Q: 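Submitted below is the structure of interest, expressed as structure tokens.
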Number of protein chains: 2
Amino acid sequence: MILAEKRMSKSELQKTLKSFFPNLGEESLDAFMKHASYLKSTKGTKLISEGKRHRYFYLILKGSVKSYYSKESREVCTWFAFKNEVIGTITTYEGLPSKETIELLEDSELIKFNIEKIKELTHTDLSISHLMNVIIIEHTLYLEERLYQLQFMTSKKRYKVLYKSTPEIFQEVSLTDIASYLGVTRETLSRIRSK
Amino acid sequence: MILAEKRMSKSELQKTLKSFFPNLGEESLDAFMKHASYLKSTKGTKLISEGKRHRYFYLILKGSVKSYYSKESREVCTWFAFKNEVIGTITTYEGLPSKETIELLEDSELIKFNIEKIKELTHTDLSISHLMNVIIIEHTLYLEERLYQLQFMTSKKRYKVLYKSTPEIFQEVSLTDIASYLGVTRETLSRIRSK
DNA sequence: ATTGCTTTGTGATAAATGTCAAATGAATTC
DNA sequence: GAATTCATTTGACATTTATCACAAAGCAAT
């Protein structure tokens, strides 16, 4: 459920965006800001739903989200994101129906950006074009790493890597979701953990 | 082994690039062309080697390539590409050492592009910035689809999907490589096929 | 505390896949 | 064409993991 969708004070929003996107010049930032708005929302809210077209991508100010596919009434997680991360789906960015659902794991505060408007800006504003480029490339590097892990590592190894790289994840995310993310069943993850 | 690295006639190169990138205007195309050159090379040539930094991405005019990681002296393929496809690695594009090796599956003809120079162009030329964006997004959509298949489908299903979508692949690529691409051993693929 | 509800853990079994070894088949070289 | 190499298939067996069933633990609301 969406709690509030107020406009942050202009100066507050500007300060926030400036700190996240320091490479945007004054004018680019102003243009960018026009299509950004503050959003506070409760655990379980779906920012993006599988099979639907959406208009927004998000920046997480506070809170956390999971992204998952549905498979025969079961959820299979593809990624998690936390504070200070930019999130969305590449299909949504392309104007296509999303393949994934993005759902809040806890009450969260976000900034949402209108994709169409921002994309329009990329046609005239080089620094914004680059910013979007960088965001997408970061996502792409992440996908490559994930593919690498799924193809090469045993489930034990994937668990260890996750545990070392982001131990915080185990505070926020249920073991059921983590198991699906690692590509094993709950039971198998439980057994991996107990050794 | 690289057979020849001649300049195509300017008009020939221009015609070729124009047909592949119809959205580039006259001037953008000219700038783009300056950093492109024709390349003819034999089966087994490595365009990009794991662990090394490289300067180029490629367009396949004729031939085919495979991309793979090495794992304990075994190769695990991550993708294949054929005629008319733009190829490279995202790490190379980012100036990082490549994680993958890209190798020709047969004698091939390519156009190679200097990444650094093209990237410089993206800082001043919006249509080139967009072109690169589109190429990267296409790759990203591909990676998502692959992750989806690896996480959700059984190996039998993955085989069927590959067989239906790109049956040609079985002419060009060894079953050993296809098996690693599908995430199973040769033996398992052989058994899947015999049913 | 009691009742539900959800998450996590454990055991027994079955299915899928990997490993190792050997056989067959196809392609290449001498 | 015989010999050599490489790719693919097949068999026997071991390992991993999924599945199903159920128990235990944690948590929220009464």
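Quick caveat: nothing in here was measured; it's all calculated off a predicted structure. We name chains A, B, ... by the order of the sequence lines, and we start the count at 1 in each one.
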Q: Can you pull out every side chain to side chain donor-acceptor pair (under 3.5 Å) where at least one residue sits in residues 160-170 of chain B? Sequence neighbours excluded, please.
A: none
Q: Side chain of B:R74 only, heavy atoms from C-beta on: which candidate in C:dT10, C:dT19, D:dT19 is closest?
A: C:dT19
Q: Between the two ends of the helix from C:dA1-D:dT30 to C:dC30-D:dG1, what is the bend in degrees, rounded to 10 degrees, where each end axis spans five pairs?
A: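 The end axes of the helix from C:dA1-D:dT30 to C:dC30-D:dG1 are about 40° apart, to the nearest 10°.
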Q: Looking at B:K66 and B:E75, is any side-chain nitrogen of the basic one under 4.0 Å from a carboxylate oxygen of the acidic one?
A: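 Salt bridge: yes.
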Q: Would you mind telling me which of A:E106, A:E109, A:E85 makes a salt bridge (charged side-chain N to carboxylate O under 4.0 Å, His left out) with A:K62?
A: A:E109
Q: In terms of relative ring orientation, are A:Y56 and A:Y58 parallel, tilted or perpendicular, with 30° and 60° separating the classes?
A: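 A:Y56 vs A:Y58 ring planes: tilted.
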Q: Among residues at least two apart in sequence or on other chains, which ones pass ring-ring contact (aromatic ring centres under 6.0 Å, His included) with B:Y93?
A: none
Q: Side chain to side chain contact (heavy atoms under 4.5 Å, CB included) with A:L39: which of A:I111, A:L61, A:L47?
A: A:L47
Q: What pairs of residues pass the salt bridge (charged side-chain N to carboxylate O under 4.0 Å, His left out) test when at least one of them lies in residues 88-100 of chain B, not counting sequence neighbours?
A: A:E145-B:K99, B:E94-B:K119
Q: Return the residues of residues 147-171 of chain A meeting this criterion: a heavy atom under 4.0 Å from some atom of DNA chain C. Order them by number, or give none.
A: none
Q: Anything under 30° is parallel, anything over 60° is perpendicular, the rest tilted; go ahead and classify A:W79 against A:H139.
A: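 Ring orientation of A:W79 relative to A:H139: perpendicular.
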Q: Between residues 184-193 of chain B and DNA chain C, which residues have a heavy-atom gap below 4.0 Å?
A: B:V184, B:T185, B:E187, B:T188, B:R191
